Amino acid sequence: MCNENEARMTNFIQEIIENDIASGRVKEIHTRFPPEPNGYLHIGHAKAICIDFLMAKQNGGICNLRFDDTNPSKEDTEYVDAIMEDIRWLGFDWDDRMFYASNYFDKCYAFAVKLIKDGKAYVEDLSAEEVRAYRGTLTEPGKDSPYRNRSIAENLDLFEKMKDGQFADGQKILRAKIDMASPNFNLRDPAIYRILRANHHRTGDKWCIYPMYDYAHPIGDALEDISHSLCTLEFEDHRPLYDWVLEAIGFENPPHQYEFARLNLTYTLTSKRKLLELVENGVVSGWDDPRMPTLSGLRRLGYTPTAIIDFVKMIGVSKAYSVVDLALLEHCLRDELNKTAKRHMVVLEPLKVVIDNYPDGQEEIFDVNISPLEDKPVNIKRPFSKVIYIEKSDFMENPAHKYFRLKPQGEVRLINAYFITCQEIIKDETGEVIEVHCTYDPQTRGGSTPPDGRKVKGTIHWVSAQHAVDVDVRLYENLFTTPDPNAASEGGDYMDNLNPNSLTHIIAKAEPALLDMQAGENCQFVRMGYFCLDAKDSTVEKPIFNRTVTLKDTWKKINEG
RNA sequence: UGGGAUGUAGCCAAGUUGGUAAGGCACCAGACUUUGACUCUGGCAUUUCGUAGGUUCGAGUCCUGCCAUCCCAGCCA
């Protein structure tokens, strides 16, 4: 299923959409993605973005982008820009339909006045603590506020004074008059406007009162002619209020809200608050640190939009609480990269190998296709010479059972080059093998089977020592060591589960052609994994590669149990 | 102990009017292999669909009870 970007999403929402079209409730499918600009988008948002944009698209509809900026104390333009960049990166387009909830502040205010005139809203004088006390508990109904039945005239006057800044922050709120005895707290006369003197990133100091999400959101949806307002499960309880607002204001053909389960991933945190803490505490280098599950972090790590979209399509959409295995996301990534990434030879942990019977000073250039699965080959020149580097892990003096890489007297194939046989080992004073001497078989040029039909089990990668270039490589692992980062012992928290090895810097030996890569481009370091030329810290003088994901490694699994 | 939701394999998830449990990931076995990768083949819920009953010739699908988990008492979204 991977990489079938045209695959339709079939889920309960699609079913609802089809029924709505069949019944005539809606003519055009119109959704919206409504991020709050108070943090960076992460993989969980990617699910919502895909659902919002894709459900509309596959039904011939459109999707708006709308920033939910009703709380100026938390929101900022920095986030607006980052969010747009991330959505575009995923490949979605909102054309000219970029909106802000703040675009509708005037209308929200006018509708609030209407609500007051209709006796459906009132100004509350009780303090926040008092309001809380009056709200009741899970098992007890709330009590009506003594201010609940003020006259319409008084409410109108007070609300205008709220707007005009005649009260202090928090001194009054505007409440919807619904039902203090409702078992659903959201209907116990919810606040719909609060006084808040904060500079708004869009409206500046024009307002000192701001509408609450529950009030502004349905209005924004209705004004934009949204047909299906899709959100996550925690808003299920808010739906009756969503409907109440639209009904009270009197919108015809109001939008409907539907909820789906948010994405949880093993080894991953998807709480904006906690991600912010990682950034502020310097646990990571920023929102775009390659270990972050943010879209900007994943992008730097080397994830592709295709992999993420395939993933979202594969996990489906349902209402059941779920935690998806990170392995599925990685599967989608590998599936995509396997098809598209160029193959380069890079030795991460070099071990020097001297080919004794190869002529001193001789040099050969192998012309090889490094894009084996693409339609059009991409060829590079790969130099070979007497001294090469191989991976330390590709040699074992005392080989494990079924180890078929290089070992004493053993023969292996150097990819695209020659068969070599180990003849001699050189160790340092501590006993560590620091050099291996081999002989090569000239009849295996290109790595081909010799005339005698001799086969070899192991095939390893290599880099010519005299041609090798040093490159910085950052080996990334999961940020957390436990599938559930939040699972901690008494008094502990997710910080206790940080992986001390989430980032390892090394200097690797690479073939010269690796330097031809573009910033942000993916490639495979043959047999080692997929890597990406870092788009931020890398320079021409000092290229830096990030390990996106390792290759699946059956041997490691066998060897380490 | 109020309300809202959800419970199908280790993890996601199909399962449209009841008719005899899709698919993917992971895992296991094997084939292939100039990446122990990829690819391919086979296996992987059969006293079973949270559970206990009931209706029915027949129930994951209908009815009743129970259990578990998640969300809700922001002037956050």
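These figures come from a predicted structure and were not determined experimentally. As a basis for the values below, the full set of heavy atoms in this structure was taken, side chains included, without hydrogen atoms, waters or symmetry mates. Residue numbers begin at 1 in each chain, while the letters A, B, ... track the order of the sequences.
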(request) With RNA chain B as reference, determine whether Glu236(A) or Lys402(A) sits nearer its 5' end, using the nearest nucleotide of each. (result) Glu236(A)
(message) Quiz question: by atom type and distance under 3.5 Å, do the side chains of Asp214(A) and His238(A) form a donor-acceptor pair?
(response) yes
(request) If G42(B) has a Watson-Crick or G-U wobble mate with both distances under 3.5 Å, name it; if not, just say none. (result) C28(B)
(request) Among the candidates U34(B), C28(B), G4(B), find the nucleotide nearest to the side-chain atoms of Lys557(A). (result) C28(B)
(request) Kindly check if the number of other-residue, nucleotide or ligand heavy atoms within 6.0 Å of NZ (Lys407(A)) is above 12? (result) yes
Review item, side-chain donor-acceptor pairs of residues 321-328 of chain A, under 3.5 Å, at least two apart:
from, atom 1, to, atom 2, distance (Å)
Asp325(A), OD1, Ala327(A), N, 3.0

Please enumerate all protein N or O atoms sitting under 3.5 Å from an N or O of nucleotides 37-43 of chain B, with distances to 0.1 Å.
from, atom 1, to, atom 2, distance (Å)
A37(B), OP1, Thr554(A), OG1, 2.5
C38(B), O2', Asn338(A), ND2, 2.9

(message) Between U16(B) and A21(B), how far apart are the two C1' atoms, rounded to whole Å?
(response) 16 Å
(message) So if I define the base as every atom that isn't primed, P, OP1 or OP2, how would nucleotides 9-18 of chain B read as a B/S/- string at a heavy-atom cutoff under 4.0 Å?
(response) --SSSS----
(request) Using the C1' atom as the reference point in each nucleotide, state the distance between A37(B) and U33(B) in Å, no decimals. (result) 10 Å
(request) Please give the nucleotide sitting opposite U55(B) as a Watson-Crick or G-U wobble pair, both distances under 3.5 Å, or none. (result) none
(message) Just to verify, what does Arg188(A) make a side-chain hydrogen bond (donor to acceptor under 3.5 Å, both in side chains) with, not counting sequence neighbours?
(response) none
(request) Starting at the 5' end of nucleotides 71-77 of chain B, put B wherever the base has a protein heavy atom under 4.0 Å, S where only the sugar-phosphate does, and a dash everywhere else. (result) BBBSBBB
(request) Please work out whether the ring planes of Trp287(A) and Tyr40(A) are parallel, tilted or perpendicular, with thresholds of 30° and 60°. (result) parallel
(request) Considering only atom P, compute the distance from A59(B) to C49(B) and round it to an integer number of Å. (result) 11 Å
(message) Measure CD1/Ile390(A) against C1'/U34(B) and give the value in whole Å, please.
(response) 16 Å
(request) For Met9(A) and G24(B), give me the distance from atom CE to atom C1', rounded to whole Å. (result) 14 Å
(request) Report the distance from atom CD1 of Ile558(A) to atom C1' of C27(B), rounded to the nearest whole Å. (result) 14 Å
(request) Mark yes or no for whether Thr203(A), through its side chain, and His200(A), through its backbone, hold a donor-acceptor pair below 3.5 Å. (result) no
(request) For Ser448(A), report the nucleic acid contact type (base, sugar-phosphate, nothing); a contact means any heavy atom under 4.0 Å. (result) base
(request) For G15(B) and A45(B), measure between their C1' atoms and round to the nearest Å. (result) 14 Å
(request) Pick the C1' atom in C11(B) and in C27(B), then give their distance to the nearest Å. (result) 11 Å
(message) Considering every strand and a 4.0 Å limit on heavy-atom distances, what is the contact class for Gly446(A): base, sugar-phosphate, or nothing?
(response) base
(message) Output the rounded distance in Å from CZ (Phe260(A)) to P (G4(B)).
(response) 22 Å
(request) Taking atom C1' in both G7(B) and G60(B), compute the distance separating them and give it to the nearest angstrom. (result) 12 Å
(request) May I ask you to say what Tyr403(A) touches in the nucleic acid, namely base, sugar-phosphate or nothing, with a heavy-atom cut-off under 4.0 Å? (result) base
(message) Which label fits Phe531(A) and Phe525(A): parallel for a plane angle under 30°, tilted from 30 to 60°, or perpendicular past 60°?
(response) parallel
(request) Look only at the side chain of Thr31(A) and the backbone of Asp52(A), and say whether a donor-acceptor pair between them is shorter than 3.5 Å. (result) yes
(message) OP1 or OP2 of G36(B) versus the side-chain N and O atoms of Arg527(A): is any pair under 4.0 Å?
(response) yes
(message) Under a plain distance cut-off of 3.5 Å, with no hydrogens placed, do Glu391(A) and Ser393(A) share a side-chain donor-acceptor pair?
(response) no
(message) Could you tell me the Watson-Crick or G-U partner of U61(B), where both distances fall under 3.5 Å? Say none if there is no partner.
(response) none
(request) Rounded to the nearest angstrom, tell me the gap between atom CZ in Arg382(A) and atom P in U34(B). (result) 16 Å
(message) When you measure from the side chain of Trp462(A) to the backbone of Ile415(A), do you find a donor-acceptor pair of N or O atoms at a distance under 3.5 Å?
(response) yes
(request) Could you let me know what C70(B) is paired to, Watson-Crick or G-U wobble, both distances under 3.5 Å, or none if it's on its own? (result) G4(B)
(request) For G43(B), measure the glycosidic angle (O4'-C1'-N9-C4 for a purine, O4'-C1'-N1-C2 for a pyrimidine) and name it syn if it falls within 90° of 0, otherwise anti. (result) anti
(message) Taking G23(B) as the reference, what is the distance to A14(B) when you measure between their C1' atoms (whole Å, please)?
(response) 7 Å
(message) Can a side-chain donor-acceptor contact be found between Arg262(A) and Thr232(A) if the only test is distance below 3.5 angstrom?
(response) no
(request) May I have all residue pairs that pass salt bridge (Lys or Arg N to Asp or Glu O under 4.0 Å) and include part of residues 192-202 of chain A, sequence neighbours excluded? (result) Asp169(A)-Arg197(A)
(message) Could you tell me how far G53(B) sits from C70(B) if I compare only their P atoms? Round to whole Å.
(response) 27 Å
(message) Ignoring hydrogens and geometry beyond distance, is a side-chain donor-acceptor pair present between Asp237(A) and Asn184(A) at under 3.5 Å?
(response) no
